[in-house]
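Below is one structure; the comments refer to it alone.
When a ligand or atom number is given, it counts from 1 through the structure's own listing order.
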Amino acid sequence: MRIMQLDAPSGTCTLAVGESLANLASYCTSGKTVIVTDNNVRRLHANKFPKAEIIEIERGEDAKTLATVHQLYEKFLELELDRSSLVIAIGGGIVCDVTAFAASTYLRGMRLALVPTTLLAQVDASVGGKNGVNFKGYKNLIGTIRQPELCLFDFDLLKTLSQQELRNGFAEIVKCGAIADANLFAYLEQHHSEAFSHKKTAIEKVVYDSLVVKTDIVAKDEREESGERMKLNFGHTLGHAIEKTIGLPHGEAISIGMVAVANLSVAKGLLSNKDAERIESLLKKIGLPTKLDYDKSKVIDAVRKDKKRREDDINFVLLEKIGKAKIEKININELEGIL
Ligand code: GLY
């Protein structure tokens with residue numbers, strides 16, 4: 001088990017990487033504790049939960065709404081939680097995002113801990129402080145940025161995930177290597193199947209290294225002001241548009257997005273063909289899609305509506321080499337040509 005610390009303007013988060021959920025109780029000092037989870041996670045892992053009130057929310061993206069937050073506020077009130085109470089989210093990205101938003105706004109902020117139970121939530125949703133809900137069809141339109149006091153990463157929880165869920169998480173791990181850690185990328189090329197089959201040393205290394213990438217970036221630019229944090233969006237502008245229009249899972253959509261943007265980086269004379277091929281080849285080996293016959297005009301339309309767009313130019317995260325990202329403005333019409 002390794003402890004990391006993320007110091008950001010909105011707070012300090014301790015990351016217990018490789019810790020067991022069964023040891024969570026030792027971190028729950030003072031105050032009333034309440035757990036927020038869903039019925040699937042509760043069925044699979046409740047035997048390791050610390051003693052506490054349990055609140056269940058619905059599963060799936062449809063639960064990522066203000067209505068669910070409202071239900072949580074009602075429960076918090078009923079349980080007479082106060083600012084010293086600790087709210088613990090145990091679940092995937094949706095449980096973590098909704099709970100973190102409710103806990104960050106109720107009484108202007110209660111204590112919060114996150115225990116992500118999917119690989120995607122471990123390397124992405126649980127770290128960075130962003131929380132929120134969808135609104136009127138827009139993803140994460142309402143939310144705050146506030147660091148939880150603790151994130152606990154138990155790799156045994158990943159053993160109940162489907163192959164597709166694991167692949168989804170691996171897409172974000174490849175992204176971390178591609179934008180900021182060439183050694184992690186090279187390690188994945190050699191050892192992805194060991195990590196995929198839960199070999200402890202391999203999974204621990206790839207998750208830990210991804211967390212180093214993410215926490216370093218968030219510590220430098222928590223509120224996405226200097227451009228540094230935007231690097232985490234590599235493959236995501238197109239990926240989100242593909243996710244929205246075609247309904248692919250997040251990891252599959254950003255895998256296609258990363259390959260398209262690697263090719264765009266080659267076309268702009270930034271990235272070598274060889275590095276673009278390494279990215280495509282690694283994603284393929286992991287079993288992620290790298291191409292799709294999709295309605296390009298619908299995807300471009302979704303990109304146009306992206307809330308990060310400035311007139312006809314979009315800030316895109318391109319690559320200069322594996323392990324080094326660069327932000328450049330791309331004209332939407334140029335993008336249309338390349339796709
Ligand atoms: N909670 C996810 C992030 O801040 O990126």
Review point. Does the ring center of His191 lie less than 6.0 Å from the ring center of Tyr187?
Key: yes
Check your understanding: Under 6.0 Å from the NZ atom of Lys321, do we count more than 12 heavy atoms belonging to anything else shown?
Key -> no
Check your understanding: Does NE2 belonging to His198 count more than 12 external heavy atoms closer than 6.0 Å?
Key -> yes
Exercise for review: Using only heavy-atom distances, determine whether the side chains of Asn168 and Glu252 contain a donor-acceptor pair under 3.5 Å.
Suggested key: no
Exercise for review: Please work out whether the ring planes of Tyr106 and Phe76 are parallel, tilted or perpendicular, with thresholds of 30° and 60°.
Suggested key: perpendicular
Point to revise | Minimum-distance protein heavy atom relative to atom 5 (O) of ligand 1 | key: Lys214 NZ, 2.6 Å
So is [X] in contact with ligand 1, going by heavy-atom distances below 4.0 Å?
| X | value |
| --- | --- |
| Asp124 | yes |
| Val127 | yes |
| Arg229 | yes |

Check your understanding: For ligand 1, does Ala100 get within less than 4.0 Å through its side chain, its backbone, both, or neither, judged by non-hydrogen atoms?
Key -> neither
Review point. Are Arg278 and Phe185 in a cation-pi setup, meaning NZ or CZ lies under 6.0 angstrom from the ring centre and within 45 degrees of the ring axis?
Key: no
Check your understanding: Of all the atoms in ligand 1, which lie at a distance below 4.0 Å from a heavy atom belonging to Ala125?
Key -> 1 (N), 2 (C)
Review point. Short N/O distance, under 3.5 Å, between Lys130 and ligand 1?
Key: yes
